[in-house]
K.L.:
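First, the structure itself, so that you have it in front of you.
Whatever order the structure lists them in is the order used to number ligands and atoms, beginning at 1. Everything numeric in this text was worked out from a predicted model, so none of it was measured.
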Amino acid sequence: MDISSFLKRLPKAELHVHVEGTLEPDMLFELARRNDVALPWPDPESLRQAYAFENLEHFLELYFAGCRVLRRERDFHDVTYAYLARAHEDGIIRAEMFLGPQSFTSAGVPIEDIMGGVLSAVDRASRNLGIDGALLVSAHRHRPVQEALNMMDSVMPWADSIAGFGLGGAERNNPPAPFKTYFDTCRARGFRTTAHAGEEGPSAYVRDAVEVLDVDRIDHGTACMDDEDLVDLLVRRQIPLTVCPLSNLRLNGVPSLDVHPLGRMLDAGLCVTINSDDPSYFGGYVLDNYLAVHRELALSGEQLVVLARNSIRAAFMPPAGIADGLRRIDAYLASIPPLA
Ligand code: ADE
Ligand code: ZN
């Protein structure tokens, strides 16, 4: 069996993907037309040409411009369902998707339409495809902490359908520590937590996300490799890191994938996972990310299986769900010839 078919059928979780970042140019134009939103590009192809980013902030400008076309409940439903269908094709059995309500409520979109659209798509994808989708509500770190707290209050009517809370947005000069009250409140309300840290920011931001915010997972976290003691801490506590190789490449976090730290992170014993982040902007869904690191970092079949197992272990699921996911990996491996 070739590596692509092997990886496609290997049961996996995706733990770091932004619903807004799955909006493909064709759908973006369709939604703009549907909602009568003017766009600065004449067609989807010109928009694709604009996907050459200098850094995270440059990317976020385009990403937030794209968010402007998501206006109605049906729009949130359509983009979420399209991602879940695509993820299902890639062998994703559990998808934990970020969504940042502040991008939309600040433009006047009612929170009911945002949550209703995403959650109805999760239900439909579960019924039709059997994929287990889950929502992670994300706050913007470049906006005030009080706004994040208000946003959290506003989604409490859907508390039973929220798998956790996160923190994203422009990282440079926006350290994690001020968001301690946000994460303390999340935890006090019984939610799991995760924060973007060490994507463009320094290893100190990763340390603060662990020691000050006390999050369950770190999104990206690659900068941790600059601090040996921090790596020891992350290994000891097996705090999962949701690494996004093609995202790091496209945002110039690494000059090429063959020098991406993922292999060294695995060798150090970190609980790393592979994810797509914003697949429509970064040129690859989760399977593309697995294939890229297999090719560029020469990761072995065993290492790719470790990454898939880590993704299940790190999911915000109850222990029975994790045990079931790991059994599905074992059953799959037992059903195919041994890896070469
Ligand atoms: N929001 C969407 N993608 C992001 C990324 N890569 N980093 C921080 N915030 C984001
Ligand atoms: Zn992200």
K.L.:
Taking atom CG of D36 as the centre, report whether more than 12 heavy atoms of other residues, nucleotides or ligands fall under 6.0 Å from it.
P.N.:
no
K.L.:
Please name the atom of D277, restricted to N, O or S, that is closest to the Zn ion (ligand 2).
P.N.:
OD1
K.L.:
So do L251 and F282 actually touch side chain to side chain, heavy atoms under 4.5 Å?
P.N.:
yes
K.L.:
Answer yes or no: is there a side-chain heavy-atom contact under 4.5 Å between S161 and M115?
P.N.:
no
K.L.:
Counting only N and O atoms by type, is there a donor-acceptor contact under 3.5 Å from the side chain of E296 to the main-chain atoms of V259?
P.N.:
no
K.L.:
Any N/O/S of D278 under 2.8 Å from the Zn ion (ligand 2)?
P.N.:
no
K.L.:
I need the contact residues for ligand 1: any residue with a non-hydrogen atom closer than 4.0 Å to the ligand, ordered by chain then number.
P.N.:
H18, L56, F59, L60, Y63, G168, G169, H196, E199, H220, D277, D278
K.L.:
Would one find more than 12 heavy atoms of other residues, nucleotides or ligands at under 6.0 Å from atom CD of E228?
P.N.:
no
K.L.:
Under the criterion side chain to side chain contact (heavy atoms under 4.5 Å, CB included), which of M151, Q146, R187, E147 is the partner of Y182?
P.N.:
M151
K.L.:
Got a sec: does the CZ of R34 have more than 12 other heavy atoms crowding it under 6.0 Å?
P.N.:
yes
K.L.:
Tell me whether the Zn ion (ligand 2) has H220 as a neighbour, meaning an N, O or S atom of it below 2.8 Å.
P.N.:
no
K.L.:
Using 2.8 Å as the threshold, say whether any N, O or S atom from C244 sits that close to the Zn ion (ligand 2).
P.N.:
no
K.L.:
Can you say whether the rings of H16 and H18 are parallel (under 30°), tilted (30 to 60°) or perpendicular (over 60°)?
P.N.:
perpendicular
